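The structure appears right after this line, and notes come after that.
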Amino acid sequence: MQQSFTSRDVVSLTGITPRQLQWWDERRIVVPAREGRRRLYSMEDLAEVAVICQLRRRGFSLQRVRKVMRFLQREFGKRLAETVSGASKYHLLTDGKTLYLETSPRQIVDILKNARQPMLTICLSDAVRQVHAEIRAKKSSGTSMSRSLRKVRKAS
């Protein structure tokens, strides 16, 4: 698979806006490598952007997203992408105050049974797998990501 992705590729694969991506870099939420003025995102960076986009779509504030990322760093000593890119399915559950990261269906059911208020659950691993599938689809079609994005823009 491709080792680095341009900002345009990340926008195409995740649906984030270019300005959001730039802002996240400025706020050090996801920090890409630099090649001159170009931002180059690794597969781990791309996976993090995809998961963060999923969290944002579910109503998480950026402050809450940072809290999730710090929680994972503290609990697992890994980046968000490293945590969820394995074979296990990771589910993030929250009641608005407490965060749970679970892989066991039994533990997830126990948390939901004992919850005193509604819980939000998100399968973090699915967001990462979806990005990998998008990359494979674009690669198998023989279209570069940047060229694919231009086609989409011209069609709209």
Side-chain angles (χ1 to χ4, degrees), residues 1-97 99-101 103 118-156:
M1 265 197 198
Q2 187 175 351
Q3 294 299 313
S4 62
F5 302 87
T6 65
S7 295
R8 184 174 279 176
D9 295 335
V10 174
V11 166
S12 170
L13 291 166
T14 64
I16 191 172
T17 67
R19 180 62 189 123
Q20 281 177 311
L21 196 57
Q22 178 185 358
W23 196 81
W24 289 3
D25 179 18
E26 292 167 359
R27 298 298 181 268
R28 305 197 61 74
I29 295 169
V30 177
V31 182
R34 301 274 182 183
E35 188 177 275
R37 291 179 48 185
R38 287 180 52 177
R39 293 178 173 96
L40 295 176
Y41 293 83
S42 67
M43 179 57 82
E44 290 79 18
D45 295 331
L46 179 61
E48 280 189 0
V49 169
V51 169
I52 293 169
C53 284
Q54 180 77 5
L55 293 171
R56 294 287 292 142
R57 279 187 214 107
R58 296 290 180 97
F60 277 61
S61 67
L62 277 178
Q63 181 180 7
R64 192 80 173 138
V65 167
R66 284 185 188 159
K67 194 178 235 182
V68 168
M69 293 171 71
R70 281 194 308 266
F71 167 75
L72 295 174
Q73 181 71 37
R74 187 178 61 247
E75 294 296 315
F76 297 98
K78 298 178 182 178
R79 287 177 64 180
L80 177 65
E82 293 170 318
T83 303
V84 299
S85 62
S88 297
K89 280 196 169 216
Y90 282 90
H91 296 268
L92 178 71
L93 295 92
T94 184
D95 59 6
K97 293 181 183 174
L99 287 171
Y100 304 93
L101 184 69
T103 59
M119 298 285 287
L120 173 68
T121 63
I122 297 172
C123 184
L124 301 176
S125 305
D126 284 350
V128 174
R129 288 187 187 103
Q130 186 176 355
V131 167
H132 286 260
E134 286 280 327
I135 293 167
R136 281 192 296 277
K138 290 186 188 281
K139 190 174 184 179
S140 68
S141 71
T143 306
S144 77
M145 306 228 202
S146 298
R147 201 168 4 136
S148 170
L149 179 62
R150 278 185 293 224
K151 286 180 183 176
V152 169
R153 284 189 179 156
K154 284 181 183 176
S156 11

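Sequence positions, counted from 1, serve as the residue numbers for this chain. Quick caveat, the model's predicted, so the values are computed rather than measured.
- Note: W24 CH2 to E48 CD = 10.5 Å, rounded to the nearest 0.5 Å.
- More than 12 heavy atoms of other residues, nucleotides or ligands sit less than 6.0 Å from atom CZ of R34.
- Distance check: F5 CZ to D45 CG gives 10.0 Å after rounding to the nearest 0.5 Å.
- Side-chain N/O atoms of E134 and Q130 include no donor and acceptor closer than 3.5 Å.
- What you find for T14 and V10 is that their closest heavy atoms are OG1-O, 2.7 Å.
- Of all non-hydrogen atoms in S61 and R56, the two that sit nearest each other are CA-NH1, 3.4 Å.
- The shortest heavy-atom contact between P32 and L40 is CB-O, 3.3 Å.
- Note that the CD1 atom of I29 and the CG atom of L21 stand 10.5 Å from one another [nearest 0.5 Å].
- Using a 4.5 Å cut-off on side-chain heavy atoms (C-beta onward), V31 and D25 make contact.
- Considering only heavy atoms from C-beta on, R64 comes within 4.5 Å of L99 through its side chain.
- Atom CG of residue L46 and atom OH of residue Y41 lie 10.0 Å apart, to the nearest 0.5 angstrom.
- Within 6.0 Å of CD on E26 lie more than 12 heavy atoms contributed by other residues, nucleotides or ligands.
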Next on the checklist: Please determine whether side-chain contact (heavy atoms from CB on, under 4.5 Å) holds for the pair L92 and L55, giving the CA-CA distance in whole Å, both sets of side-chain angles, and the decisive distance to 0.1 Å.
Outcome noted: CA-CA 10 Å; L92 178 71; L55 293 171; 3.6 Å; yes

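- Rounding to the nearest 0.5 Å places CG of L13 at 10.5 Å from NE2 of H132.
- Y100 OH to L93 CG: the interatomic distance, rounded to the nearest 0.5 Å, is 8.5 Å.
- If you check the side chains of T6 and D9, you find a donor sitting under 3.5 Å from an acceptor.
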